[in-house]
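Every heavy atom of this structure was used, including side-chain atoms; hydrogens, water molecules and symmetry mates were not.
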Amino acid sequence: MLKYTLAIVVVTVICSCESKETRIQSFLLKGNEEIVKGDDEKALYYYTESLKLDSCFADALNNIGTVHHKGHRYGEAIESYSNALNCNPKYYPARLHRANSYYESGDFGSALRDIDELVKKSPDSSEVYFLQGLVFIKLSDYQSSVTAFQQALDHGYPNKLECRVNIATSKVFLKQFDEAKSELEACLKLDEKQPLIYNSLALIAIGKKDFNEAIKQANKGLELDQRQPYILNNRGFAYMELGKLDEARTDINESIMLDPYNSWAYRNKGIIELKLKNFDEAERLLKKSKQMDPNTELVDEYLSQIPKKK
């Protein structure tokens with residue numbers, strides 16, 4: 001699945017600023033320079049120094065949140081963004097970034113509340129609608145996700161291909177396979193080297209239970225990018241359905257290693273253990289999948305196949 005990305009806020013120093021303001025901005029710029037160099041710890045140091053001069057410096061609080069988000073410390077990121085919003089409730093970047101951290105942490109309700117507020121204040125923002133579409137996918141509200149991604153397109157989202165691939169993926173989950181395939185074929189004409197197009201084509205094949213075709217499409221995607229966790233997971237599922245459990249386990253384990261936050265991969269790994277009659281491990285993995293995302297399909301059905309303990 002394509003994701004929304006965050007940006008560091010950059011502020012230009014104005015020479016006529018007072019000395020304190022100049023120092024605050026200087027620390028911000030030094031922190032931004034360290035981000036570019038890849039030294040997040042030093043960036044945090046400079047942002048923190050600016051807050052010693054102004055504890056309500058929203059730009060620094062926002063950028064601290066973004067550093068934490070990059071490190072998958074979503075709770076700390078949300079706290080930093082919330083502090084920025086407490087200082088300035090109208091601060092657009094912090095609310096947008098907080099919505100994304102809520103999304104990544106699995107708190108989709110809070111993400112939607114922030115997005116709804118952003119839509120009220122900035123109804124022409126394509127990036128807000130794009131993030132909204134991603135949240136709706138996580139909530140399995142695929143019709144709403146199609147609408148949101150279409151709104152992102154209508155409002156000029158810069159990467160039209162991303163939107164169209166996500167629209168097609170949502171239509172796959174709606175079982176609108178012909179419409180999804182038509183959309184994906186149009187996407188291929190725009191860029192045949194986008195791996196996630198082939199991932200969605202693999203999902204269509206899985207939906208039609210053509211698992212050999214699913215593997216074929218997944219292989220095309222992996223030829224372009226061997227480290228795509230969603231493609232690896234879906235190829236693993238297709239292998240599993242063909243009874244090739246060793247190949248399935250290899251793919252799904254690698255998928256989890258690359259992205260440990262995908263509930264579908266844990267579900268699929270749990271199914272493998274169920275097929276191997278490793279019932280305790282199957283139960284653990286399936287429950288983990290459900291805990292990560294209650295909307296993951298068929299988890300309860302597979303849990304019901306585990307023999308009751310005497």
Side-chain angles (χ1 to χ4, degrees), residues 2-132 134-135 152 155-159 261:
L2 297 162
K3 294 187 177 181
Y4 171 79
T5 55
L6 282 71
I8 293 291
V9 170
V10 179
V11 176
T12 303
V13 176
I14 301 174
C15 294
S16 60
C17 290
E18 295 178 0
S19 176
K20 178 182 176 182
E21 181 64 20
T22 301
R23 290 168 62 200
I24 291 171
Q25 297 287 352
S26 177
F27 281 129
L28 179 73
L29 291 176
K30 287 180 179 179
N32 293 346
E33 289 169 0
E34 295 302 328
I35 290 292
V36 172
K37 294 176 185 176
D39 193 337
D40 290 352
E41 289 303 314
K42 193 170 286 187
L44 285 175
Y45 166 78
Y46 285 122
Y47 295 145
T48 303
E49 288 299 302
S50 73
L51 292 175
K52 290 179 181 178
L53 298 170
D54 180 359
S55 62
C56 244
F57 183 30
D59 292 328
L61 289 166
N62 174 77
N63 289 1
I64 287 171
T66 299
V67 171
H68 287 313
H69 182 99
K70 284 172 57 185
H72 304 294
R73 299 183 296 274
Y74 300 123
E76 292 174 71
I78 290 165
E79 182 180 1
S80 293
Y81 295 136
S82 296
N83 288 338
L85 288 166
N86 287 336
C87 292
N88 182 359
K90 297 181 180 180
Y91 192 71
Y92 176 94
R95 191 171 298 279
L96 179 60
H97 293 167
R98 187 175 72 174
N100 193 52
S101 289
Y102 278 134
Y103 164 76
E104 293 290 354
S105 69
D107 188 348
F108 305 123
S110 294
L112 280 181
R113 282 192 289 274
D114 268 345
I115 289 168
D116 288 343
E117 187 68 22
L118 288 163
V119 169
K120 290 177 188 175
K121 300 293 173 57
S122 304
D124 296 328
S125 176
S126 63
E127 59 188 346
V128 173
Y129 289 115
F130 183 81
L131 179 56
Q132 186 183 53
L134 295 179
V135 174
H155 288 88
Y157 191 74
N159 194 325
Y261 306 101

Interatomic spacing from [atom1] in [X] to [atom2] in [Y] - rounded to 0.5 Å:
| X | Y | atom1 | atom2 | value |
| --- | --- | --- | --- | --- |
| Ile64 | Asn83 | CD1 | CG | 9.0 Å |
| His97 | Leu85 | NE2 | CG | 11.0 Å |
| Glu76 | Ser101 | CD | OG | 11.0 Å |
| Leu131 | Leu112 | CG | CG | 8.5 Å |
| Thr22 | Leu29 | OG1 | CG | 10.5 Å |
| Asn88 | Cys56 | CG | SG | 8.5 Å |

Practice task
Would you check if the distance from the ring center of His69 to the ring center of Tyr81 is below 6.0 Å?
Solution key: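 No, the ring of His69 stays outside the 6.0 Å limit from the ring of Tyr81, centre to centre.
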
For residues [X] and [Y], report the shortest heavy-atom separation together with the two atoms involved.
| X | Y | result |
| --- | --- | --- |
| Ser55 | Cys87 | O-SG, 4.3 Å |
| Leu44 | His68 | CD1-CE1, 4.3 Å |
| Asp116 | Gln132 | OD1-NE2, 4.2 Å |
| Tyr92 | Ser125 | OH-OG, 2.6 Å |
| Ala111 | Ala99 | CB-O, 3.5 Å |
| Ile24 | Asp54 | CD1-CB, 3.6 Å |

Handout entry: Side-chain donor-acceptor pair present, Asn32, Tyr47, cut-off under 3.5 Å
Key =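 Asn32 vs Tyr47: donor-acceptor pair found between side chains.
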
Problem - Flag for Ser110-Arg113: side-chain donor and acceptor within less than 3.5 Å - result: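 Per modelled atom types, Arg113 and Ser110 side chains form a pair under 3.5 Å.
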
Check whether any side-chain heavy atom of [X] sits under 4.5 Å from a side-chain heavy atom of [Y], and report yes or no.
| X | Y | value |
| --- | --- | --- |
| Tyr91 | Asp59 | yes |
| Phe57 | Gln25 | yes |
| Asn63 | Val67 | no |
| His72 | Tyr261 | yes |

Practice task
Test Ser105 against Ile78 for side chain to side chain contact (heavy atoms under 4.5 Å, CB included), laying out the working first.
Solution key: CA-CA 10 Å; Ser105 69; Ile78 290 165; 4.1 Å; yes

Practice task
Report the C-alpha separation of Ile115 and Tyr103 in whole Å, then their side-chain angles, then the decisive distance to 0.1 Å, and conclude whether the side chain to side chain contact (heavy atoms under 4.5 Å, CB included) test is met.
Solution key: CA-CA 11 Å; Ile115 289 168; Tyr103 164 76; over 6 Å; no

Exercise for the section: Look at Glu34 together with Lys37 and state whether they make a salt bridge at an N to O cut-off of under 4.0 Å. Expected result: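 Between Lys37 and Glu34 there is a salt bridge, with a charged N closer than 4.0 Å to a carboxylate O.
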
Problem - Tyr45, OH: over 12 other non-hydrogen atoms inside 6.0 angstrom - result: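 Check fails, neighbour count at 12 or below.
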
